[in-house]
Amino acid sequence: MRRLFFVILFVSQCFFVYSSNSKRDSLKQLINVPSDLLTYDVLYQLGEDYISDYPDSAIYYADQILKSENLFLDSVFTMKANYLKGKASYRSSDYSNSIKYIEKAISYCVKNHEKEKADCYNILGNSLIQIDNYKLSLSAYFTSLNIRNGLKDSLLISASLNNIGNVYFQMQEYSKALDYYNQSLVLKENANNLQGIAVMRNNIGNVYHKMNDSLMALSSYLKALDIIEFESNVDWKPILLENIGQLYLDCGDINKCMVYYHRALIESERKGDKISIASVKTSLAIAHLKNEDYNASLGLFEEALTKAKEIGVARIELDCYYYMSELYEKKNNFEKSIQYFKKYDKIRERIYRENNSKEIAEIQAKFRLEKIDTENEVLKQRNTIQRLEIDKQKTRGLYFFSLGVLILSLLIYSIYISRFRKKHNKLLTEKNKIISDRNKSLTSLNATKDKFLSIVAHDLKNPFNAVLGFTDLLIDRYDELEDSMRQEYIEIVHKSALHGSLLLDTLLTWSRSQMGVMEYNPIIINVNQLIEEEMEGLEEKAYAKGISLELNEINASLVYADSDMIRTVVRNLGNNSIKFTEERGRIIFSVKAEESKAIISVEDNGVGIRPEDKIKLFNLDSNYSRPGTSNEKGTGFGLILCKDFVEKNGGEIGVESKEGVGSKFWFTLPLRVNEIEKKSSTLERVEEECIV
């Protein structure tokens with residue numbers, strides 16, 4: 001629930017709008033009047049009237065128009081009926097069907113239907129933004145804007161400008177979003193459209209909120225609230241109140257945050273908006289959680305969760321489970337914390353699977369937008385989509401079969417290792433305590449193995465899906481694509497394959513270490529020289545971001561450790577610092593001897609780490625990862641591997657960080673002075689090899 005809400009101006013204003021029950025009854029009486037055109041007109045008006053409250057009824061009336069035997073294929077009412085079905089499907093959140101019906105409506109639009117065509121593209125953009133297809137959504141909105149500019153209807157132009165701003169807001173291009181919002185605001189102010197002005201003030205406030213300009217955000221929100229404060233028919237008033245509460249929460253003013261969240265809840269309950277009620281209660285629960293009022297927070301989470309399940313809003317369920325897990329963790333009830341996190345993970349996985357089905361709708365929309373002038377072209381593209389869907393299903397089946405074989409192979413290998421160790425343990429005649437300890441160790445290893453396989457199955461899906469999806473497009477549509485588009489798809493495939501290769505390499509290295517098949521070969525090494533060599537390997541990546549690398553040698557330190565493992569640790573920590581340091585930043589590698597250990601640290605002035613995220617860094621269960629300052633992707637396993645290697649060499653690893661200031665990762669290695677002395681016969685030769 002940690003997001004801002006913008007308002008889409010659903011200003012299609014098509015053809016006819018009626019709202020009262022009395023008019024509905026009057027229209028129903030006209031259906032029996034013996035006139036085809038009048039009947040079509042009445043059915044359409046009834047569909048428009050029902051669309052807000054009962055979208056299924058709107059689809060029913062549209063189907064009645066299309067079922068008529070006297071309706072010609074090129075009739076204007078064929079266009080109107082498909083538009084009505086597309087708009088109703090959008091209201092029902094059935095975005096795939098909305099795209100299909102709207103595109104069919106566009107195919108029936110002729111030159112004298114420019115206004116209706118613009119409305120169709122506007123609804124098409126609304127549906128595309130809901131499935132996160134921002135490029136096609138922008139294309140649809142700009143097409144609608146160009147048509148409306150020709151019609152010179154300022155209110156409709158303002159609506160298109162707002163919707164374009166919404167797409168840029170979702171793409172996190174806040175400067176562009178602010179520009180289009182301001183253009184829309186000027187038109188609303190010129191028309192003295194107060195509610196439209198309030199909508200734009202809310203959306204502009206969201207931009208300033210995201211840009212961390214709290215004063216401008218609050219000013220814009222309050223101007224919007226002044227306009228609609230005493231209006232009773234503003235459906236989105238709870239959204240505005242919740243946005244203000246979120247701003248105060250982010251600024252740390254819990255009391256004011258609670259005031260606006262409660263006002264939003266009152267408005268939602270007054271309107272009977274179940275989705276808004278669940279949303280606001282979730283926000284209230286999060287605020288109480290931050291205020292450490294755990295009982296109030298838990299009660300609100302449970303109420304919000306019940307409401308979300310009742311109306312079937314999975315994303316609110318997701319937020320509730322995530323923060324309830326955090327709540328029980330703060331109360332030290334780790335059993336329930338894990339229980340709710342598993343529910344969160346299950347919902348997240350379900351949403352991920354459902355989102356995969358959007359891919360077909362996006363491809364369908366992209367094909368149909370290119371050639372939509374005739375019905376024959378629509379049918380041709382539909383056949384292409386069906387063929388692509390069948391091919392994709394076959395490819396996915398092959399992919400999951402291969403993945404299953406890989407997982408099964410790993411499982412068999414792990415079972416083999418486990419059985420080998422058990423057989424070996426039976427041959428030993430140690431005490432019962434040692435046997436018990438061995439059994440506990442094996443149980444822990446099996447649990448780690450299960451988590452490892454779960455992560456492999458989950459995290460390898462994304463790069464493989466990207467590679468399969470875009471190579472399918474290149475194979476099937478290579479000749480139709482422009483050179484720039486082919487280049488873009490090839491770059492995406494390369495980046496996905498590179499990310500998958502990096503993840504797989506890290507996983508295999510870590511798994512070999514966990515299973516004990518990686519050899520541990522300690523030698524006496526000069527850690528200063530080792531760090532200098534690894535810094536040379538990092539210079540190219542640091543130079544690309546204008547980051548300086550420095551080595552602070554307080555004193556020379558000879559350590560007794562595995563050189564390859566320590567190089568991996570230094571390289572990982574250096575890469576992480578470069579990844580999370582802004583351009584023209586600074587990274588300092590330090591080495592110093594303290595008592596019987598050497599302390600090696602990598603310090604940067606990057607973005608830092610939030611306190612609640614520190615505990616996730618070295619924890620396999622959390623698999624924590626986030627993009628770098630230049631949107632670099634990571635595997636989430638680097639620090640886990642570092643911890644494992646440092647501990648194998650008898651050391652410790654830790655982090656000191658402050659968000660917005662920077663981070664300092666450090667680890668220790670034993671100096672092992674006594675062991676160096678024992679090797680006196682070869683000491684001089686070893687020292688020469690290490691210090692050169």
Original post:
Within the distance-only criterion (no hydrogens, no angle test), does the side chain of N162 pair as donor or acceptor with the backbone N or O of S158 below 3.5 angstrom?
Top reply: no
Original post:
Within the side chain of S220, is there an N or O that forms a donor-acceptor pair under 3.5 Å with the backbone of M216?
Top reply: no
Is [X] salt-bridged to [Y], cutoff N-O under 4.0 Å?
X    : Y    : result
E242 : K237 : no
D319 : R315 : no
K117 : E114 : no
E116 : K87  : no

Take a 6.0 Å sphere around [atom1] of [X] and say whether it holds more than 12 heavy atoms from other residues, nucleotides or ligands.
X    : atom1 : answer
K545 : NZ    : yes
E310 : CD    : yes
Y60  : OH    : no

Subject >> Which residues share a side-chain hydrogen bond (donor to acceptor under 3.5 Å, both in side chains) with E491, sequence neighbours left out >> reply: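 Once residues adjacent in sequence are excluded, the partners of E491 under the side-chain hydrogen bond (donor to acceptor under 3.5 Å, both in side chains) criterion are Q487.
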**OP:** Output all residues satisfying side-chain hydrogen bond (donor to acceptor under 3.5 Å, both in side chains) with S137, sequence neighbours left out; order by chain, then residue number.
**Re:** none
Original post:
Nearest heavy-atom pair of A308 and I316: which atoms, and what distance?
Top reply: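 In this case the closest contact between A308 and I316 is CB-CG2, 3.7 Å.
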**OP:** Please identify each residue that fulfils ring pair (Phe, Tyr, Trp, His ring centres under 6.0 Å) with Y174, with sequence neighbours left out.
**Re:** F169
**OP:** Please name all residues satisfying side-chain contact (heavy atoms from CB on, under 4.5 Å) with S92, sequence neighbours left out, ordered by chain then number.
**Re:** P55, D56
Original post:
S98: what forms a side-chain contact (heavy atoms from CB on, under 4.5 Å) with it, not counting sequence neighbours?
Top reply: S89, Y90, I102, I123, S127
Subject >> Pair Y168-L138, side chain to side chain contact (heavy atoms under 4.5 Å, CB included): steps then yes or no >> reply: CA-CA 9 Å; Y168 281 123; L138 274 178; 4.0 Å; yes
Subject >> Working for side chain to side chain contact (heavy atoms under 4.5 Å, CB included), residues I131 and I99 >> reply: CA-CA 11 Å; I131 62 173; I99 292 170; 3.9 Å; yes
Subject >> Pairwise salt bridge (Lys or Arg N to Asp or Glu O under 4.0 Å) hits with a residue in residues 155-176, at least two apart >> reply: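 Counting only pairs at least two positions apart or across chains, the salt bridge (Lys or Arg N to Asp or Glu O under 4.0 Å) contacts touching residues 155-176 are E173-K176.
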Original post:
Has R201 got its NZ or CZ under 6.0 Å from the middle of the six-membered ring of Y221, at an angle within 45 degrees of the ring axis?
Top reply: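 No.
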Original post:
Is it true that Y101 and Y83 have ring centroids separated by less than 6.0 Å?
Top reply: no
Original post:
With a 4.5 Å heavy-atom cut-off, do D153 and R148 have their side chains touching?
Top reply: no
